[in-house]
Amino acid sequence: VASRRSVAKAWLPLLRAVCPEAPVVFDTVDLHFLREIREVSVAKGYDYDQSLSASENARRLLAQYPNLQNTKTWRLYEEGYTTELRVMNASDATIVVSGVERRELE
C-alpha cells in the first residue's frame, strides 16, 4: 500500500521493478487535487459547485479568472491533479475516503 501521491509517484516504479507480481494499492488519504481546487476557489471567491466535478469547476474557474492559469497556485494544482491520476492509473486499486471522492473518479 502506497499513501500520498508524492510517495507513490516516487516508489511505484521501484515497487513494480522489484516485485512485479505484487498488487499495488494507492491510498489517497484524501484526493489532494479536490482539496486544492476547492482552496483555489475559496481564495478567488468562486462559488464551488459540489454537484460538478473538480475538473468542471476548474474549467469554470478559469473561464471566470483566465489569468489564474499563469499563477504558481494553479500550476501546482494542475501538476498535482496529473500526478494523482497517473498514480491511480498505474496502481491495481485505489482507496478513497468518501463517496464524494469515489464519484469524482467515476
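Note that the numbering runs from 1 along the sequence shown for the chain.
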Between L34 and L105, is there a shared hydrophobic cluster once you connect ILVMFWY residues whose side-chain heavy atoms come closer than 4.5 Å? yes
Within the supplied structure, the quantity of interest is the number of heavy atoms (other residues, nucleotides, ligands) at a distance under 6.0 Å from R35 CZ; does it exceed 12? yes
So, are E36 and R5 salt-bridged, with charged N and O less than 4.0 Å apart? yes
Evaluate E106 against R103 for salt bridge (Lys or Arg N to Asp or Glu O under 4.0 Å), listing each step before the verdict. CA-CA 5 Å; E106 291 178 337; R103 283 189 301 279; over 6 Å; no
Has D49 got more than 12 heavy atoms of other residues, nucleotides or ligands less than 6.0 Å from its CG? yes
In Å, rounded to the nearest 0.5 Å, how long is the span from CG of L62 to CD of Q69? 5.5 Å
Is it true that R75 and E78 have a side-chain N and a carboxylate O under 4.0 angstrom from each other? no
Could you check if a side-chain atom of T28 sits within less than 4.5 angstrom of a side-chain atom of V87, using non-hydrogen atoms only? no
Quick one, L52 and R60 - any side-chain contact, counting heavy atoms below 4.5 Å? yes
Separation between OG1 of T71 and CG of N67, rounded to the nearest 0.5 Å: 9.5 Å
First locate atom CD of Q64, then atom CG of D47, and finally report the distance between them rounded to the nearest 0.5 Å. 9.5 Å
Take the angle between the ring planes of Y46 and Y48 and call it parallel below 30°, perpendicular above 60°, tilted in between. perpendicular
Check the pair T94, E84 against side-chain contact (heavy atoms from CB on, under 4.5 Å), reporting the backbone distance first and the verdict last. CA-CA 11 Å; T94 299; E84 209 155 12; over 6 Å; no
So, S53 versus S55: side-chain donor-acceptor pair below 3.5 Å or not? yes
For F26 versus S3, what's the shortest heavy-atom pair and its separation? CE1-C, 4.3 Å
I'd like to check K72 versus L76 (side-chain heavy atoms, cut-off strictly below 4.5 Å). Are they in contact? yes
If you look at every heavy atom in L68 and W74, which pair is closest and at what distance? O-CB, 3.1 Å
Does the E104 side chain pair with the main chain of A54, one donor and one acceptor, at a distance under 3.5 Å? yes
Quick check on the hydrophobic clustering: are V97 and F33 connected, directly or via other members, by side-chain heavy-atom contacts under 4.5 Å? no
Checking one residue: V25. Which other hydrophobic residues are in its cluster under the side-chain 4.5 Å linking rule? V1, I95
Find out whether T82 and Y77 are in side-chain contact, i.e. whether some heavy atom of one side chain is under 4.5 Å from a heavy atom of the other. no
Report, one line per pair, each donor and acceptor closer than 3.5 Å where one atom sits in a side chain of residues 7-23; sequence neighbours left out.
| unit_1 | atom_1 | unit_2 | atom_2 | d |
| --- | --- | --- | --- | --- |
| R16 | NH1 | D92 | OD2 | 3.1 |
| R16 | NH2 | A90 | O | 2.7 |
| R16 | NH2 | D92 | OD2 | 3.2 |

Steps toward side-chain contact (heavy atoms from CB on, under 4.5 Å) verdict (V42, R38): CA-CA 6 Å; V42 167; R38 288 175 178 164; 5.6 Å; no
Between the OG1 atom in T73 and the CD1 atom in I37, the distance rounded to the nearest 0.5 Å is 10.5 Å
Determine, using the 4.5 Å side-chain heavy-atom cutoff (strictly less than), whether L85 and V24 are members of one ILVMFWY cluster. no
